[in-house]
Protein chains: 2
Amino acid sequence: LRGRLNTHQRHIAVALQNIGLFLSKEGSLLDDQDEISRAVKSALKRCDVLLVCGGLGPTFDDLTREGVSNALGRDLVYHKEIFDKIKTAFRRHRMEIPEENKRQAFVISGATVLSNPFGSAPGQLIPLPRQGRQAQLIALMPGPFAEMAPMLKNAVLPLLRRIYSQIHAQNRSFHLCGIFESEADERLLPLIKSAPKNLNFTILASSGQVDFYITATGRSSAESRRLLSSASRKVRQAVGKYIFSEGEKPLEDAIGRKLVEKKMTLAVAESCTAGLVCARITNISGSSRYFFGGAVSYANELKTNFAGVDPVIIERHGAVSPECARAMAEGIRKRTGASLGISITGIAGPTGGTPQKPVGLIYIGLSQKKRRTICLKRLLSGNRQTIRERAASSALTLLWSHLRR
Amino acid sequence: LRGRLNTHQRHIAVALQNIGLFLSKEGSLLDDQDEISRAVKSALKRCDVLLVCGGLGPTFDDLTREGVSNALGRDLVYHKEIFDKIKTAFRRHRMEIPEENKRQAFVISGATVLSNPFGSAPGQLIPLPRQGRQAQLIALMPGPFAEMAPMLKNAVLPLLRRIYSQIHAQNRSFHLCGIFESEADERLLPLIKSAPKNLNFTILASSGQVDFYITATGRSSAESRRLLSSASRKVRQAVGKYIFSEGEKPLEDAIGRKLVEKKMTLAVAESCTAGLVCARITNISGSSRYFFGGAVSYANELKTNFAGVDPVIIERHGAVSPECARAMAEGIRKRTGASLGISITGIAGPTGGTPQKPVGLIYIGLSQKKRRTICLKRLLSGNRQTIRERAASSALTLLWSHLRR
């Protein structure tokens, strides 16, 4: 809550999803015993498993043990062997052990101790019996990521997998571009509305891209697979031509695979995006097979010197014009010998806009040998940074649409 | 909860801290109307302000409006003017508007609508009167970061500042480069440990940069200012030579100001970072005054054609070598006529490493007329993406250190 990035949540969500379980709620609290106690009580009302990270250390603000003990109405029991172990570790580092560390040797009555090879705070597993049902489970894990992650992997997940062995989850993700979220939603809605309960859907949008996730949970892996592949077929029918990848691969990966498949190479000339397109293309390991490089032709002289734009074009139409975008795309392709040239020129703002050429106006050029050069106009909204990111996404989307054919 | 990193929490925590408010609880939920409703009810029991992000979009799983409406027992009211505005935006993009978008025009009864210049979902501000006390406040903000952040900054924070005007918080942030977090921590620890209760500190590290935040909360602005300036003096004593900026400006801004001040211009030749340095430099509006552009010389031919590297150098020393980095920096400076040339070449991995030239090996060149060309070697760790980002940060750090003199 202090402005640190919560990487635990993502890690745990993905780990659970991989075994067919779902994080249904996540929360961060202050180091306050009553808050912890309240949160534990409230969570136990509706969950089967509660994972608690942090607050198991020796210092005054480590209050998870006390908070959980309160919430459950169970005592904390001193375990001498835990303190002995901590003492040994301190001695090995030739350090004096502070009296405070004794707090780490208190365990909730009825809990199983989980050893922590990467730190001094052990974890705790607390089963809470329920009538006629699988017991609820609380796992207390240390806060530092490097201690939590191994404990999750080596102790908690294997146990959950055993307990929930009847869950057979299968996941697939679809990544779309060239379509707005609301349109994708409209096309996918019939599938979502008619789907059986054991299919779960999520749709997410981020700059120029729509992500659609399906999870199928059948009574057997075969059933899950069947559910998933039937739903996947419907997704492909509904939005197939916008899907650039299935799985976790980004758009630039799909572009790379198309370029390799078509034995084509690429060069880029960027003005307002100034390297963003190149940076995304080269996010892919092995992109040197198809990506030559390009020019960041921010100054007009570099549009001429690096991207081969005739200065007359800039003088007559301006640097932000379809003519200049076309010339940049053609120029960078010819100068580098690549089979495709992509260009972007535009006004990222916040200054430099005019009524005729407002902030957000972007031209994207695409040149291929023996083909007519394409030029796309976009009027993007946002601040300087988002306009530039959206412009780069638009260029990649155009490129992918071109390669897909 | 889908395995996405929650960057909102960190952003909001820091933004609140800057105005002397503290995030006391954070939670993420599933897209479930009842869950949202329950969470809102539970949060309102103990908070003064509730910030809700996401679920304001047009799609089936955008259920924040309904969940909050339920929790408060207030109706959702259709606002035609909101839908008209969305329709206009769609028309500008020459798109058909899906019927689903109408959902975004529903507003909780009694709420103030917050316009969203960067997306279609407007925000909502809902005051909840309380007897004898300042009303509670709920703010609904869109989920995408690029829409949430400006709404927080431009609408929500100014309001909170007005409401909580009796809190006299003063903040300062210090941005450091060229120092490790642990070293910064060690140097700052005496200050932190001896500080009075009404001074709060946060230290954060991100690729190549350390950020240190101080908040002072006195009984008057004068007291807060006094506390803050005394602490700031101590910060400058402890780590002064690593501070590139105080305030919210990024490193590239500090570099830009130095370049303008010294009437210098810059060009960049990038291999493994492929545009990341150029993209960061041009994040600053007005960077065209000092930034000419550069070459993304991914292929060796472009190192020669665009950055003027003698092919013999590449043949003899390899593209990842101090010699090549120097030649790229000198070449790009001369080709563009800039007064400074910066270059990066290296191995971002995960493939392509050798025992002599492992993944993470980076050379950074810096050339200035009539000066000896500088070359910096770095062995960076991380995956492909983090190595590239750290390489770009290292180049900017070197550039800043050079300009600072």
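Heavy-atom basis, side chains included; hydrogens, waters and symmetry copies ignored. The structure displayed is predicted, hence computed values, not measured ones. First the proteins, then the strands, lettered A, B, ... as listed; each starts at 1.
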Between [options], which has the largest tally of heavy atom pairs under 4.5 Å with chain B?
| options | value |
| --- | --- |
| A:Glu301, A:Glu186, A:Arg384 | A:Arg384 |
| A:Leu189, A:Val277, A:Thr273, A:Thr351 | A:Leu189 |
| A:Gly294, A:Ala299, A:Gly293 | A:Gly294 |

So what's closer than 4.5 Å to chain A heavy atoms on [X]: side chain, backbone, both or neither?
| X | answer |
| --- | --- |
| B:Tyr290 | neither |
| B:Pro350 | both |
| B:Leu276 | both |

Quiz item: Rounded to the nearest 0.5 Å, how far does CD1 of B:Ile284 lie from CD of A:Gln385?
Solution: 9.5 Å
Closest-packed option against chain A by number of heavy-atom pairs under 4.5 Å, given [options]:
| options | answer |
| --- | --- |
| B:Ser287, B:Ala348, B:Ala279 | B:Ala279 |
| B:Glu35, B:Glu147, B:Lys303 | B:Glu35 |
| B:Ile12, B:Ile281, B:Asp61 | B:Asp61 |
| B:Phe292, B:Tyr213, B:Phe145 | B:Phe292 |
| B:Gly286, B:Ser285, B:Gly27, B:Gly275 | B:Ser285 |

Is there a side-chain contact between [X] and [Y] in this structure, where contact means two heavy atoms from C-beta onward sitting under 4.5 Å apart?
| X | Y | answer |
| --- | --- | --- |
| A:Val296 | B:Phe291 | yes |
| A:Asn283 | B:Arg388 | yes |
| A:Ile203 | B:Phe60 | yes |
| B:Pro98 | A:Phe180 | no |

Exercise. Assign the ring pair A:Phe306 / B:Phe306 to parallel, tilted or perpendicular, where the plane angle (0 to 90°) is split at 30° and 60°.
Key: parallel
By a 4.5 Å heavy-atom criterion (distance strictly below it), what part of [X] contacts chain B: side chain, backbone, both, or neither?
| X | answer |
| --- | --- |
| A:Ser288 | both |
| A:Leu379 | both |
| A:Glu270 | neither |
| A:Ile192 | side chain |
| A:Arg38 | side chain |
| A:Ile387 | neither |
| A:Glu181 | both |

Quiz item: So, for B:Phe90 and A:Ser182, which heavy atoms are closest and what is the spacing to 0.1 Å?
Solution: CZ-OG, 3.8 Å
Practice problem: Compare every heavy atom of A:Leu23 with every heavy atom of B:Leu30, then report the nearest pair and how far apart it is. | Solution: CD2-O, 3.5 Å
Quiz item: Between B:Asn305 and A:Thr336, does a side-chain contact (heavy atoms from CB on, under 4.5 Å) hold up when you go through it step by step?
Solution: CA-CA 8 Å; B:Asn305 293 344; A:Thr336 58; over 6 Å; no
